[in-house]
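In what follows, every chain begins at residue 1, and chains take the letters A, B, ... in the order their sequences are listed.
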Protein chains: 4
Amino acid sequence: MTAPERGYADYQYQIYVRGLQDAVPPFTTDLGALEDQARDRLGPKPYWYIAGAAGTGATARANRAAFDRHRIVPRMLRDATARDQRTTVLGSELPAPVVLAPIGVQSQVHPEGELATARAAAATGVPMVLSTAASHTIEEVAEANGDGQRWFQLYWPHDDEVTASILKRARTSGYTALVVTLDTWQLAWRPHDLDQAYLPFLRGDGVAIPLSDPVFRSRLERPVEEDPQGAAMQWLPIFSGKAHTWDELGFLREHWDGPIVLKGIVHPEDARRAVRAGMDGIVVSNHGGRQVDGAVAALDALVDVVAEVGTETEVLFDSGIRSGADVFKALALGARAVLLGRPYVYGLALGGAAGVEHVVRGLLADFDLTMGLSGCTTLADIGPDTLHAGGGGEVRR
Amino acid sequence: MTAPERGYADYQYQIYVRGLQDAVPPFTTDLGALEDQARDRLGPKPYWYIAGAAGTGATARANRAAFDRHRIVPRMLRDATARDQRTTVLGSELPAPVVLAPIGVQSQVHPEGELATARAAAATGVPMVLSTAASHTIEEVAEANGDGQRWFQLYWPHDDEVTASILKRARTSGYTALVVTLDTWQLAWRPHDLDQAYLPFLRGDGVAIPLSDPVFRSRLERPVEEDPQGAAMQWLPIFSGKAHTWDELGFLREHWDGPIVLKGIVHPEDARRAVRAGMDGIVVSNHGGRQVDGAVAALDALVDVVAEVGTETEVLFDSGIRSGADVFKALALGARAVLLGRPYVYGLALGGAAGVEHVVRGLLADFDLTMGLSGCTTLADIGPDTLHAGGGGEVRR
Amino acid sequence: MTAPERGYADYQYQIYVRGLQDAVPPFTTDLGALEDQARDRLGPKPYWYIAGAAGTGATARANRAAFDRHRIVPRMLRDATARDQRTTVLGSELPAPVVLAPIGVQSQVHPEGELATARAAAATGVPMVLSTAASHTIEEVAEANGDGQRWFQLYWPHDDEVTASILKRARTSGYTALVVTLDTWQLAWRPHDLDQAYLPFLRGDGVAIPLSDPVFRSRLERPVEEDPQGAAMQWLPIFSGKAHTWDELGFLREHWDGPIVLKGIVHPEDARRAVRAGMDGIVVSNHGGRQVDGAVAALDALVDVVAEVGTETEVLFDSGIRSGADVFKALALGARAVLLGRPYVYGLALGGAAGVEHVVRGLLADFDLTMGLSGCTTLADIGPDTLHAGGGGEVRR
Amino acid sequence: MTAPERGYADYQYQIYVRGLQDAVPPFTTDLGALEDQARDRLGPKPYWYIAGAAGTGATARANRAAFDRHRIVPRMLRDATARDQRTTVLGSELPAPVVLAPIGVQSQVHPEGELATARAAAATGVPMVLSTAASHTIEEVAEANGDGQRWFQLYWPHDDEVTASILKRARTSGYTALVVTLDTWQLAWRPHDLDQAYLPFLRGDGVAIPLSDPVFRSRLERPVEEDPQGAAMQWLPIFSGKAHTWDELGFLREHWDGPIVLKGIVHPEDARRAVRAGMDGIVVSNHGGRQVDGAVAALDALVDVVAEVGTETEVLFDSGIRSGADVFKALALGARAVLLGRPYVYGLALGGAAGVEHVVRGLLADFDLTMGLSGCTTLADIGPDTLHAGGGGEVRR
């Protein structure tokens, strides 16, 4: 959980020094360009499942465009030689304000899937959020993660006993915080997947967590091993197609004694309601543009949500992070930490745990350098006064 | 006229389940991408007649850009499991707020033309609007449409007896509402068609409605069958080249005892005048960018028109709908229903009635999912407060 | 000088009717696309001399972008069947508010150069403005133009006797108005021409007007015929490299008894000064983006100039006209007429006089249809209330 | 130091006249296009080191976009025949408001590196700013620069004796002003270089200034000649990785008796502090987008900084200059002079000193013509009233 002695920027130094022996990094250091490298590696089904967005892709584009409307105004001659990225999120100390977002079915891009992610998370010190739709079990991932920090993401089943069972397993396995995803109780219209009629869960592999759950298994007529696809078809309606409501949150609190955060909030009134419901935090997110097409850019929503509840609860940010500058801007606009999504899965696709580590170290180095060069020593220095909204600029494509 | 038992989103589920047998949808599920597939199928003349726009294409681009300036702000933890898209438009109950726009000469893209469209409309429950410039007669289309809902679009002739005859045939054949197109009493400057010197009507085929009209036929010196091109040349000046005026609307009311809506209104003062003239509704439209180049985006006009007469008459929207998010936004800005144009004709070109069905089912599924994921259960939930105008985003190309 | 009996829109009808015999127009009807066709025909030197702009091309792009920020709001059910484009400009009656802009050295794109343009102008009834840098003499062009309307553009020499001689020849030859170009007393930095080291005038051909002037010829030591390049080198400093000033305008008035307009005014204070100096009109222009790179878009300047002097003098518009909608917008913003530039020269390059005619007839037809479909019968109907500035849209590239 | 007799625009005339003998310029006259020519010439390592930017390149794009938001409004009929670009910057008279920006390690693009730049600077009269990271020594460059004006850029070492030694050498060698770069005490995250693991300094060549410094050499255990790479590794931490602070500025003043300017200031409060610290000027710069990705556009920062301290100190501008219009706009917004960066290094890559001269002469000619055609005779005429901020336009890519 400790940063490298010379700080996260050390990763940059190591790359240059290794260059003296004509060694280049195994993967690109441009998180945007990683997508192209992953595209060359993966088949079209997993590639588009990861890279694709809902509908016309308008939300994913809006996510990126919103970052370009805010510009950093660096300060000079400040003693920002040593930066401290440490922060406290949901009561835990984090070495950096970055968390690996929950992404399901990682076995489709690399055989080690979430196990590799868990090892990379432990090695870099950032928490990982394990998805309910993971390809490896809660317990296997916990073991791979070891002393690392791990949170658990819940796709909230419509079977209270299954829910309670899963939550109990997660707590027992050392997952400290619960991230309840609200925006995906039903998959959106995703042409890239629909045109390939590809839904990884349906084939009965790659969704180890529900299929391994003893309560769920007790519901099945035939064991999963004999009829994995049949089990998947039974699993689907428990997890998908029905919405939960505000008044049910008490059930989660009852079965989870750690912090609970709601992921997918973009409306300030929903944020207010989450606070009233006693939640411990909010993840402003539009699911990386994978759910409602034409939705508000996550960064625009962050501004609204922080204005409403920023002083009362912890607001995390997810959707569109591709660089250290993006981390900086989200924090300057009030996020306590950010979730990194697709880029680390591209790293996983390209190089397993080593690929994930490369991505995380690169992002932390980039953010560390951005902090320093902007004159910021701690995260507390990154306030709204570090940004400039005027003028313009244009989005990278 | 009833939605599928599991709701329109069921179409998404069916696609994924069929994927387990390695079946993919016959056509793309991305209405934007359909245009490319149709382009590969059709010759340049019909393709550009359908896909092209007036002049430099500025209006068509503006139509799309306007959608991107409005962003949906989804709400969480609402019980939007089952969505009800039903609405009442012009006194008729509709299963969904979507209507197939009047598009003429459909035989140029598929031999069954409007007959196939009529069957698909009946199968999906959405009304179709039959164009005066259709390739099949009023009666043939009515028969193909069966129990479906059908409206009739009028290119208003400059021969009152012909007008009266056509209106009578339409009423007799079960067309319930009359859609009077105001913006195309003369074709605009359309370089794509002019460069090919292509005007489908002129060749005397594909415009069955006027040519089949007994009053019109009585005007001809030689029967249509002997000289179809000559008949077309006589037909043209009756339908084109002269404007009608506000004081003539009484004639239509006199010869049509159902609801009448004016299509092509974009100025709020014209909307006001339509209300004063006792019209039953307005279709805000710039004819998909096919008429005045450089015209106001239809969605921008919708905002103005709704502000002026939104509480006094029914305002429908046409021009630019390509996704469920577009339907959502138009309704949020005050439209009671939308007209879907080019995409269903691309479906027709690719697969006849099955192609049209695919497009309609896809759009309704997409909209249904958008409603649900935005927390809306009925259309009444889709108000202006569901949109966010700030920030930005960029248009899809 | 009379419009076709069925109005300018008749050109559209003729194209479609000829299509029945499978004839297509010899050149594209999209004025923007004409540029590509001309590029294929011309060598890089003349092509870039015509199509190129100053510096980075920012002004030319801004010219086009400005049009897209204004949107037409068409009105319905108005009796706009017959449109009248006639107007009075500088005391002369014009059949349409379009004038052929002065463009020099037209022999580089077609051997008949300005003679062909003059014939096409006469045939279509629009005035042509003959450039001082024309490849044919004042008298030859006048003869080719016959009963047509012609104006004379002055690149103002720094030799009063030469100036007086040229003006006298122009008046004698029936040129009615004088257009004094102010913005090009020195050529700008034009990389396209510089990279080819191409300046058509310098080779001593293609600039018949100065070289044919008896006063200028009397200045030469050797006759033009013996040393055309030497003559050109002597001609250059008389016409270029030195600015004139406001107090010299009296000289022009003294030697020209018709109306005088100043071309190249973009600042409202300069417009005010032109009025005070007793000028008869202003042409708002940035020379099609060929002079100051990064300059204000001509349409933005038009708004400022009209606000300052629109009620006191005639304001014409030049720079960026590519369609009927552009003509409409310029008029709606206060221009009395527009000058059409590059497109007609592309027509000339492709087809001589017939090519120019095609371009002019196409533009007038497009504008005529735009008027009609917007509900405008006369130019007086085209006011600022016909435009919508809100929303957006994007520029065509 | 004197401009050509006919003014800087003479370079344009010379090109056209040489064209009569079919000679074209050896390199493009479009500073933007130079980048492509240089790309073809250089290997990917030096090319990307020069052309690349930090992170996603957002800052570099924003720099260019900001220029397009300001538009020049040229004035007519002013006597701007002869332009005078002379100005006084930091107490020295300059023939033009253009300075060659400090760029290090120029030997990577041309063997003569800074020596060629120094000769071209002397030949054209513009000052050069020698980078601390130059490939040739302070003394060698001074000799090559001869009677030219030269300033010295400091990457401020963390070894006071080395700093003092370098400053003394620079003063002794005739460098008149000191430019202290504040924004690069640590390199940013630059994917183009990282992906190639390329840092030119590290190999021990191309950084002649520190390696030649006697104080620095006395620190080494082994002579540079025996172990250049070891020396570089020792040099790096002295120059990089640690920030200086405001209270250390006194040390520089103590060791430099000429004017001192701070480069890299973009926040108005930092500008205010520089004035309070007694600095002689500020260079508003974001290092050409090479440091903080997502930073404010330099031109937007210029507006803020000029508003804060424009009347109290000299404000220079750096980052994004590519044309005469850019120079004009920066001056109109309050800059006293501009620094030209990448383009001259492209010229160096293509043609050594002759290439640099070509670039400088081209820029001065372009700016000279822009001044004249905008009606400006001296730099004092270029005020904020020469710009138009309304409307729009779009950025060149």
Notebook entry, point to check: What's the verdict on side chain to side chain contact (heavy atoms under 4.5 Å, CB included) for C/Arg71 and B/Asp300, showing C-alpha distance, side-chain angles and the deciding distance?
Noted result: CA-CA 10 Å; C/Arg71 321 289 311 176; B/Asp300 289 334; over 6 Å; no
What residue in [options] has the most heavy-atom pairs under 4.5 Å with chain C?
options	value
B/Gly241, B/Pro191, B/Gly294, B/Gly264	B/Gly294
B/Asp193, B/Thr59, B/Ile265, B/Thr184	B/Asp193
B/Asp304, B/Asn63, B/Leu182, B/Leu299	B/Leu182
B/Thr245, B/Leu194, B/Asn286	B/Leu194

What distance do [X] atom [atom1] and [Y] atom [atom2] have between them, rounded to the nearest 0.5 Å?
X	Y	atom1	atom2	value
C/Asp30	B/Trp189	CG	CH2	10.0 Å
B/Leu199	C/Tyr13	CG	OH	10.0 Å
B/Gln291	C/Thr370	CD	OG1	10.0 Å

Under 4.5 Å from any heavy atom of chain B, what part of [X] do you find: side chain, backbone, both or neither?
X	value
C/Phe328	neither
C/Leu369	side chain
C/Thr28	both
C/Arg18	neither
C/Ala23	backbone

Notebook entry, point to check: Most heavy-atom pairs under 4.5 angstrom with chain B, which of C/Gly372, C/Gly375, C/Ala82?
Noted result: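 The answer is C/Gly372.
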Note to self: Counting heavy-atom pairs under 4.5 Å with chain B, which one of C/Arg75, C/Lys329, C/Arg78, C/His70 comes out on top?
What the structure shows: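 Of the candidates given, the most pairs with chain B belong to C/Arg75.
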Notebook entry, point to check: So does B/Arg272 have more than 12 non-hydrogen atoms from other groups sitting under 6.0 Å from CZ?
Noted result: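 Correct, the count exceeds 12.
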So which heavy atom on [X] is nearest to which on [Y], and how close?
X	Y	result
B/Asp195	C/Thr29	OD1-N, 2.6 Å
C/Pro74	B/Val292	CG-CG2, 3.8 Å
C/Leu373	B/Asp183	CD2-O, 3.6 Å

Next item on the list: Determine, step by step, whether B/Phe201 and C/Tyr16 satisfy the side chain to side chain contact (heavy atoms under 4.5 Å, CB included) criterion, reporting the C-alpha distance in whole Å, the side-chain angles of both residues, the deciding distance to 0.1 Å, and the verdict.
Entry: CA-CA 10 Å; B/Phe201 327 111; C/Tyr16 281 132; over 6 Å; no
Note to self: Report which part of B/Gln186 has an atom under 4.5 Å of a heavy atom belonging to chain C: side chain, backbone, both, or neither.
What the structure shows: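 Contact with chain C: backbone and side chain both.
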Check: Is it the backbone or the side chain of B/Glu269 that comes under 4.5 Å from a heavy atom of chain C, or both, or neither?
Finding: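 B/Glu269 touches chain C through backbone and side-chain heavy atoms alike.
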Notebook entry, point to check: Side-chain contact, heavy-atom cut-off 4.5 Å: B/Leu249 with C/Leu77?
Noted result: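 Yes, their side chains come closer than 4.5 Å.
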Margin query: Side chains of C/Arg322 and B/Thr56, heavy atoms from C-beta outward: is any pair under 4.5 Å?
Written below: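 C/Arg322 vs B/Thr56: side chains apart.
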Next item on the list: Test C/Met76 against B/Leu262 for side chain to side chain contact (heavy atoms under 4.5 Å, CB included), laying out the working first.
Entry: CA-CA 10 Å; C/Met76 297 298 128; B/Leu262 301 183; over 6 Å; no
Check: Hey, does the side chain of C/Gln12 reach the backbone of B/Ala188 with a donor-acceptor pair shorter than 3.5 angstrom?
Finding: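 Side chain of C/Gln12 to backbone of B/Ala188, a donor-acceptor pair under 3.5 Å: yes, one is there.
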Note to self: Main chain of C/Thr81, side chain of B/Trp185: is a donor-acceptor contact present, judged purely on distance under 3.5 Å?
What the structure shows: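 Looks like no, no N/O pair under 3.5 Å.
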Margin query: Run B/Met233 and C/Val17 through side chain to side chain contact (heavy atoms under 4.5 Å, CB included) and show every step you take.
Written below: CA-CA 9 Å; B/Met233 294 299 286; C/Val17 168; 3.9 Å; yes
